[in-house]
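Scroll down for the structure; my scribbles are underneath it.
Keep in mind the model is a prediction, meaning the values are calculated, not measured. FYI, side chains are in, hydrogens and waters are out, and symmetry mates aren't considered; it's all heavy atoms of this structure.
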Amino acid sequence: MGHWRRRILLIAPIADPEIYGQLHRHADRVWPSPGRATPAAIGDLLRDLADDAGLRRVDDADPLRRAFGRRRVATHDEEARWHRDPRPEVRYFVNRNPRFGAGEALVTLVPLRASGLVRALLRLAVGRLHGLWGRLRGRAVPRRRSLAGLDRREP
């Protein structure tokens with residue numbers, strides 16, 4: 001608690017468009033990101049950390065695409081649905097990492113600070129309250145489909 005202003009970096013290979021979309025929805029900043037160039041220092045950091053972690057490159061042109069080792073068992077319909085998703089961040093992820101269903105991941109960085117976590121929690125709470133308010137008023141509020149049964153990973 002004495003270092004609450006210290007920045008924490010979440011660095012992870014993301015192999016799921018939904019997780020990448022949720023990061024964009026709730027975090028202040030995500031790299032790589034659509035419409036925002038990744039600073040060279042951050043790109044170099046992500047590449048070097050992925051190399052150090054032993055994640056194999058799958059595309060020499062994009063050093064942030066890596067073999068993650070966890071294959072998503074997805075139907076052709078699910079893959080097609082992700083390719084049609086209207087959210088720009090999901091389209092970016094799918095275009096940048098088209099073989100996500102085969103277990104390829106995009107190495108991603110999310111800087112975290114206490115203030116950013118508070119804002120993320122507020123965005124989450126406001127979204128939940130908006131949905132609850134709409135249901136209480138009798139209006140249909142679109143609910144996000146759960147992918148619980150569709151995202152099975154092989155051991």
Side-chain angles (χ1 to χ4, degrees), residues 3-128 142-155:
H3 301 286
W4 66 274
R5 293 185 143 209
R6 179 176 285 171
R7 179 173 283 178
I8 299 170
L9 301 177
L10 169 67
I11 300 172
I14 306 294
D16 189 314
E18 183 64 27
I19 292 173
Y20 186 82
Q22 290 297 322
L23 284 174
H24 268 275
R25 187 173 185 191
H26 298 295
D28 286 344
R29 199 151 298 236
V30 175
W31 281 296
S33 187
R36 182 183 306 141
T38 302
I42 291 175
D44 292 345
L45 172 69
L46 291 173
R47 183 200 62 231
D48 292 345
L49 288 173
D51 287 341
D52 290 346
L55 296 174
R56 183 179 52 81
R57 289 186 190 196
V58 294
D59 183 357
D60 289 334
D62 188 350
L64 300 184
R65 281 187 50 212
R66 301 297 176 120
F68 188 49
R70 291 188 176 172
R71 182 176 173 78
R72 293 182 80 237
V73 177
T75 65
H76 178 69
D77 290 341
E78 182 189 5
E79 295 276 344
R81 184 173 53 85
W82 284 120
H83 285 277
R84 291 188 314 268
D85 194 288
R87 295 173 289 174
E89 64 274 9
V90 172
R91 283 198 313 266
Y92 172 83
F93 177 84
V94 169
N95 289 334
R96 181 129 183 213
N97 186 26
R99 293 186 34 83
F100 65 91
E104 292 182 7
L106 184 63
V107 181
T108 306
L109 179 138
V110 180
L112 302 173
R113 280 197 148 156
S115 58
L117 291 174
V118 169
R119 281 190 296 277
L121 289 172
L122 287 173
R123 283 190 287 267
L124 182 63
V126 167
R128 300 277 176 145
R143 295 182 67 142
R144 298 188 65 85
R145 287 182 48 189
S146 171
L147 300 177
L150 298 176
D151 187 20
R152 301 187 202 280
R153 293 182 174 24
E154 293 178 348

Got a second to check how far [X]'s [atom1] is from [Y]'s [atom2], nearest 0.5 Å?
{"X": "Arg84", "Y": "Glu79", "atom1": "CZ", "atom2": "CD", "value": "11.5 Å"}
{"X": "Leu64", "Y": "Leu55", "atom1": "CG", "atom2": "CG", "value": "11.0 Å"}
{"X": "Thr108", "Y": "Ile11", "atom1": "OG1", "atom2": "CD1", "value": "10.0 Å"}
{"X": "Asp16", "Y": "Phe68", "atom1": "CG", "atom2": "CZ", "value": "10.5 Å"}
{"X": "Arg96", "Y": "Asp59", "atom1": "CZ", "atom2": "CG", "value": "9.5 Å"}

Query raised in the report: When you check the gap from the basic side-chain N to the acidic O, do Glu18 and Arg25 get nearer than 4.0 Å?
Result: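 Between Arg25 and Glu18 there is no salt bridge, as every charged N stays at least 4.0 Å from the carboxylate O atoms.
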Requested in this report: Would you please name every residue forming a salt bridge (charged side-chain N to carboxylate O under 4.0 Å, His left out) with Arg57, sequence neighbours left out?
Outcome: Asp51
**Report entry** CG (Asp60) with more than 12 external heavy atoms under 6.0 Å
**Finding:** no
Query - Parallel, tilted or perpendicular: rings of Tyr92 and Tyr20 (30°, 60°) - result: parallel
Requested in this report: Indicate the atoms forming the closest heavy-atom contact of Ala67 with Val58, along with that distance.
Outcome: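 Closest pair (atom of Ala67, atom of Val58, distance): N-CG1, 3.5 Å.
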**Report entry** Nearest non-hydrogen partners of Val90 and Gly21, listed with the distance
**Finding:**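 Looks like CG2-CA, 4.2 Å.
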Requested in this report: Using modelled atom types only, decide if a donor and an acceptor are shared between the side chain of Asn97 and the backbone of Glu104 within a distance under 3.5 Å.
Outcome: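 Here the side-chain-to-backbone pair exists.
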Using atom types as modelled, flag every donor-acceptor pair under 3.5 Å from a side chain in residues 30-50 to any protein atom, sequence neighbours excluded.
residue : atom : partner : partner atom : Å
Asp44   : OD1  : Arg47   : NH1          : 3.1

Query raised in the report: Any side-chain heavy-atom pair from Asp85 and Pro17 closer than 4.5 angstrom?
Result: no
Query raised in the report: Is the closest side-chain heavy-atom distance between Leu106 and Arg65 below 4.5 Å?
Result: yes
